[in-house]
Amino acid sequence: MDYQYREIEQRWQKFWAANQTYRASNQSSKPKYYVLDMFPYPSGAGLHVGHPLGYIASDIFSRYKRLKGFNVLHPMGYDSFGLPAEQYAIQTGQHPAITTEANINRYREQLDNLGFSFDWSREVRTSDPDYYRWTQWIFMQLFNSWYNVSTDKAESVTQLMAHFSAKGSAGIKAVSDEDVLSFTADEWNALTEEQQQTELLKYRLAYLKESTVNWCPALGTVLANDEVKDGFSERGGHPVVQKKMMQWSMRITAYAERLLQGLESIDWPEPLKEMQRNWIGKSVGASVKFEVESLKDFIEVFTTRVDTIFGASFLVLAPEHEWVTQLATPEQEKEVKAYIEQTQKKSELDRMADTKTVSGAFTGAYAVHPFTGNPVPIWIADYVLAGYGTGAVMGVPSGDQRDWLFAKHFDLPIVPISDAQKDLDQQADPTKEGRYINSDFINGLNYQDAVNALIFKLEQKGQGKAKVNYRLRDAIFGRQRYWGEPVPVYFKNGLPYLIDEKELPLLLPEVDKYLPTESGEPPLGRATDWKYQQQYEYELSTMPGWAGSSWYWYRYMDAQNQGVFASKEAIAYWKDVDLYIGGSEHATGHLLYSRFWNKFLKDLGVVEVEEPFKKLINQGMIQGRSNFVYRLIDEEGRGTNTFVSYGLKDQYKTVAIHVDVNIVEQDILDLEKFKTFRPDFAHAEFILENGKYICGHEVEKMSKSKFNVVNPDDMVERYGADTLRLYEMFLGPLEQSKPWNTNGIEGVFKFLRKFWRLFHDEQLNFVVSEEAPSKAELKSLHKIIKKVEEDIDRFSFNTSVSSFMICVNELTDLKCTKRQILEPLTIVLSAYAPHITEELWSLLGHQPGSISYAAYPIFNPDHLVEDEFAYPVSVNGKMRMNLNLPLSLDLADIEAAVLANEDVQRYLEGKTPKKVIVVKGRIVNLVV
RNA sequence: GCCUGGGUGGUGGAACUGGUAGACACGCAGGACUUAAAAUCCUGUUCGCCUUAAAGCGAGUGCGGGUUCGAUUCCCGCCCCAGGUACCA
C-alpha cells in the first residue's frame, strides 16, 4: 500500500488518546524531565501555521527524552482569562466562559491534528475555578507576607505583628512603602485595629496603595508597565495616561536583586536575560543630601558618579517634584509655574520624542554643596524624571552630556574635575581615567579611591551613603475588568481583609453586562447579592492576565489535587521545568512575574527551587508571506477586471491587491480558484507570462485581512501532520524568525514517501528482510543516530531533517530492506514523525504504541570508521588535491605516500617541505 | 545613542572547538519511463575564464585591513539589517 498519511495519522491519534499513551506518572524509577510550552490564550481566530512551531520542537524533544529513558512531563493547557473574550462579551452579551470554551475546543482539535504527545489528563485552564482558587490562594499568601531584608526573604505578617507588639518597629529592616512609621511596642499596641492594618499594608507584598497608574480610558482599566508600549496599550493600541488611583500592587521590587542574580544560574538566551537586566535596571551609586536653607531640609539626589561631586554646579528637580512650588522664590514663581504647565501639556510621547531641545526654569533657590559649602542653584527641567531615583539630580556639566547641554543653554559654569577630561567646550567627558582636579580632598586620587573617600565622608556627615537604585517598579495588580480572577478580599471600615481560606474559590459572580457600572465601578460592581458574609463589599477589580500564568507549571505537576495547588511529593519529584519553549515577547512580563512568584513560593517553603525554568528557548516568529495580483486600472483610476502577471505589471497602470495565499502555489496563481475568490473576480481576465500568472509577494505579519494566513489544518489535510512537523523544523533554525513559505514542503513530503517505500517492495507490499546488514548500511544508520543526538542537544532540528533525507537516500540507493537497519531508524525518526513511524513499528510486529518508549538505538562509532580517507592536501595552502590512502598507515608512511604522489611532486617543484601540517592525524598542508 | 543577534548561490539554509565553503531542500534546465498526465527516477545548477571533451585556471561567505601554512569561523576599523531599550542621573 502507498503512504496513506490521513488514515495512518487519524488511526494513531485515536489510539494514543484511547490508551493515554503519553500519560506521565508522578512516580518512576526513571529520571524526570519536564518539557513545557508557554500555554496559549485561546483566541477566536484559532491556530495559524506559526503557532505550532514551538510546540513541534518541544514535542520532538519530549519524545526524544522518552526514547532516552526519561520519565517525561509534557503538559498543555490554556491561559483562558483575557481581554478578547471579554470584549466579545461586551459586544454580544455572551458570557466569556462560553466563547472561551468554544475557542478551547477548536484549539484542542487543531492541536490533536498535529500528533503532540501531551499528557492531557493534566490540562489546566486559568479561568477554571478549580485552578484559580489556587491563584487566589497564592494572592492570600502574598498579602500575608512582608519582605525581611535581614533574612533576605519573605516572611509572615503575623510574625511581623508579633515583633511590633513585643519590640515595636526597632530591628525591622523591610522592603516597604517609604512612609512607614517608627514606633515602640507600646505605641503599636495602643493603635486601633484600623491604624495597625493601615500600617501593615505598607509592608505586605500584595498591597493596596494610592499610586500613579497607567490608565487606559478606551479599555477602562489600568495596565502594568510591560503592557504599555510607547504610551499606548500593547493590546489594542489605545492611548494610556497617568492617573492616581487606589490600586492593588505586587512588591516585586523586593525581589529585584534576586531576580537579577538568578539570571546567572539559568540557561536562557542572552538577549532575553539582557532584557530582564535592563528592565530591572540596577545602578550602583550614592545618594547625597544637599541642604536647602530656605526650607531647612535636604534635597536628596541619586548619582552613579559621586566622584564628580565637585563639578556639580547646579541641581535639577523633576517638574513634578513635591517641593518645587515651595522652593520657587517670588521673583521666579511665574516662570516656574509656566514651565510646569508647559511640561504637563506635553504628553508622555512628546516628552520622549523631544529629547533634543533643552528646557528648564530656575527656581531662584539655592542649595548648599555638602563639601565646598558653596551655593548651588536649583533648577527644574523635564529631563529629570519624577519616577526614577529621588526625582532630583546634581548637574555635573563636565561629566554628563545632558548636564553639559543644560549648562551651555542656561550659561551655568562647567568645572573640569579630572586631568584626563578633554574638549569640554565641545561636549562632556565622562572619563573615569586620570586624577581629580578642582576637587578638594580627592584631588590627585584615582576613581576608586575617590569614591571610597567621598562615601566615607558623606556617611560621617550624615549627608549621604552608597546606594543601589533599581528601575523596576512594583507591579500594578488590579484590573477593572470582568474576565479575570476575583481578588479574595473584602473591605471593612475601608480596609482590605482576606476572606476565609475555606471560602476559596471566590467565584466570579454573574453580571447583567460586562461594562463598568454607571458610577464608574468595575463590572463586578454590577453583581447583585455579592457580599462577604452578607455584609462586606468584595474587592471589585480582578487580577491581571499574568496572575494565572505565574505559577501554572506547578499545577501541571498535580493538576487534579483538590487539597493543595500541588502536593509536596509531586513538587519534590518534578522540581522545576527542564526545558521551556516560548516567545521572547514575554521577556519582561510573564517570565519576570513567574520568576518573582516562584521565589516567593520558595520563601514560603512550598516549592523547592529558586528558579522555575532551567533552560529556555525562544522560538522565532513565523511571519506571513503575502501574495499580490495586479489589477489594471482605467483612465478614471477604477479597477478593471483584467489582471497582469507580476513580470509584466510595469508596462501597465495597476493596483496591487492581496490575494489568498491558499490559491497560489510557487507564486503561480490558480486561475480557476481565483475566479471564485471574490464574486467580482468571476469573469476576470488575465495577461499571462509564459502561460502562467505570477504573483508578487511580500513579508508581512500573518493576518486575516492580508489573506496570508495558512491554517495548519489545511496543510495536514494536504500533506499530513508528519510532513508539516518535519517541514516546520526544516524551514530554518528554531530561534530565527522567518516568513512562512510553503514552497519547500514537497521535498519533505517526498522524503516521507521514500522512507515508507524502504519497507515496501515494488508492489507496495510490506516486506523487511532478516538478513545481516552490510557495512555501508550500518554506517548510514549510525551516522543518523549520532547526528540526531547531537542536533537535539543543541536544538538544531533543521539539520536533523536534512540528515534524515541523506540517510534515506543512501539506504534507497543501497536497496536496504533489512530489519536491523530499518527498525532502529524508525525509532530515531519517531520523535520527528510520530505517526508514520508508529504505523511501521506495528507493521514490524511490535505492540502498538510501544515505539514511544522504545530504547533509543545505541551509537557505535566503529561503524563510522573508514578504511580509506580522501586526504585533502594542499601546498602552501594554495593547491588542493585529494589522495585516497588507507587509514591503517601511520603518520610517517602517510607522509611518504603523500610526498611520493605525482601531483604533489609537481607542485613542490622539487623542493622539500619545511613543515608538514597535521590535523587530527591527517596531513593537510605542506609548507615549502 | 546604547545593548543583543545577524549579513553565505535564484530561494530557505548547511559548514559543531580555524582544516575540501555552498550539505540538504526548493526552484530552474535537460533527460528517462508513459498514448498522455500524475507519480517516480537520472543529469546539471556559486560566478568568471579556457577546452570538441576530459580536465584545468582564477575569484568568491556585507566592505577594508590584520593574524595564520590555511579564516564563513579569530582580531581591528567600517557599512547594512533585525530585535530590545532609553533624557534612568
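In the text below, chain A, chain B and the rest are named by the order of the sequence lines, each starting its count at 1. Atom set for the values below is all heavy atoms of this structure, side chains included, hydrogens, waters and symmetry mates excluded.
- OP1 and OP2 of rU85(B) both lie 4.0 Å or more from every side-chain N or O belonging to Arg471(A).
- In this structure, Arg753(A) reaches the sugar-phosphate backbone alone: every heavy-atom distance under 4.0 Å involves primed, P, OP1 or OP2 atoms, never a base.
- Taking the side chain of Ile806(A) as heavy atoms from C-beta on, and the options rC24(B), rU4(B), rA89(B), the nearest nucleotide is rC24(B).
- The base-pairing partner of rA82(B), taking Watson-Crick or G-U wobble contacts with both distances under 3.5 Å, is rU4(B).
- When the P atom is compared between rA54(B) and rG62(B), the two are found 32 Å apart, to the nearest whole Å.
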(request) Go through the steps to decide whether Tyr64(A) and Asp793(A) satisfy the test side chain to side chain donor-acceptor pair (under 3.5 Å), and finish with yes or no. (result) CA-CA 10 Å; Tyr64(A) 171 76; Asp793(A) 281 343; 4.6 Å; no
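- Taking the C1' atoms as reference points, rA15(B) lies 22 Å from rG27(B), given to the whole Å.
- The six-membered or imidazole ring of Phe749(A) lies near that of Tyr5(A), with a centre-to-centre distance under 6.0 Å.
- Here rA25(B) is the nucleotide among rG84(B), rC87(B), rA25(B) with the atom lying nearest to any side-chain atom of Asn809(A).
- Here Arg757(A) lies in heavy-atom contact (under 4.0 Å) with sugar-phosphate atoms only.
- For rG58(B), the base adopts the anti conformation, since its glycosidic angle falls more than 90 degrees from zero.
- When both pairing distances are held under 3.5 Å, rA55(B) makes no Watson-Crick or G-U pair with any nucleotide shown.
- Comparing rU4(B) with rU11(B), their P atoms sit 30 Å apart, to the nearest whole Å.
- For rU72(B) and rC78(B), the P atoms lie 22 Å apart once the distance is rounded to whole Å.
- The Phe302(A) side chain lies nearest to rA89(B) when the options are rC16(B), rA89(B), rU40(B).
- When each of rC16(B), rC24(B), rC87(B) is scored by its nearest atom to the side-chain atoms of Tyr383(A), the top-ranked nucleotide is rC87(B).
- Residues Ser800(A) and Tyr832(A) have side chains that bring a donor and an acceptor to within less than 3.5 angstrom of each other.
- For the pair Thr304(A) and Gln736(A), nearest-nucleotide mapping onto RNA chain B gives the more 5' position to Gln736(A).
- Taking side-chain N and O atoms only, Asn278(A) has no distance below 4.0 Å to OP1 or OP2 of rC88(B).
- One can place CG of Asp791(A) at 12 Å from P of rC16(B), the figure rounded to the nearest angstrom.
- Aromatic pair Tyr719(A)/Tyr727(A): ring centres not closer than 6.0 Å.
- Remark on RNA chain B: of its neighbouring residues Val748(A) and Asn798(A), the 5'-side contact belongs to Asn798(A), judged by nearest-heavy-atom nucleotide.
- A salt bridge does not link Arg753(A) to Glu746(A): none of the charged nitrogens lies less than 4.0 Å from a carboxylate oxygen.
- When distances run from any side-chain atom of Phe730(A) to the nucleotides rA15(B), rA89(B), rC24(B), the shortest one goes to rC24(B).
- The side chain of Ser802(A) approaches rA23(B) more closely than any other nucleotide in the set rC88(B), rG13(B), rA23(B).
- Separating the C1' atom of rU46(B) from that of rC41(B) is a span of 26 Å, rounded to the nearest Å.
- Rounded to the nearest Å, the gap between the P atom of rA71(B) and that of rA82(B) is 32 Å.
- Between the P atom of rG27(B) and the CD1 atom of Ile745(A) lies a distance of 12 Å, rounded to the nearest Å.
- Here Lys282(A) does not reach the OP1 or OP2 of rC88(B): none of its side-chain N or O atoms lies under 4.0 Å away.
- Considering only side-chain N and O atoms, Asn743(A) lies nowhere under 4.0 angstrom from the phosphate OP1 or OP2 of rU11(B).
- Of the candidates rG84(B), rU4(B), rC88(B), rC88(B) carries the atom nearest the Tyr388(A) side chain, counting heavy atoms from C-beta on.
- Phosphate contact (OP1/OP2 of rC3(B), side-chain N/O of Lys273(A), threshold under 4.0 Å): absent.
- In terms of phosphate contacts, Ser283(A) brings a side-chain nitrogen or oxygen within less than 4.0 Å of OP1 or OP2 of rA89(B).
- Distance from the side chain of Arg794(A) is smallest to rA15(B) among rU40(B), rA15(B), rC87(B).
- Distance noted for atom P between rG19(B) and rU61(B): 16 Å (whole Å).
- Nucleotides rG58(B) and rU8(B) place their P atoms 26 Å apart, quoted to the nearest Å.
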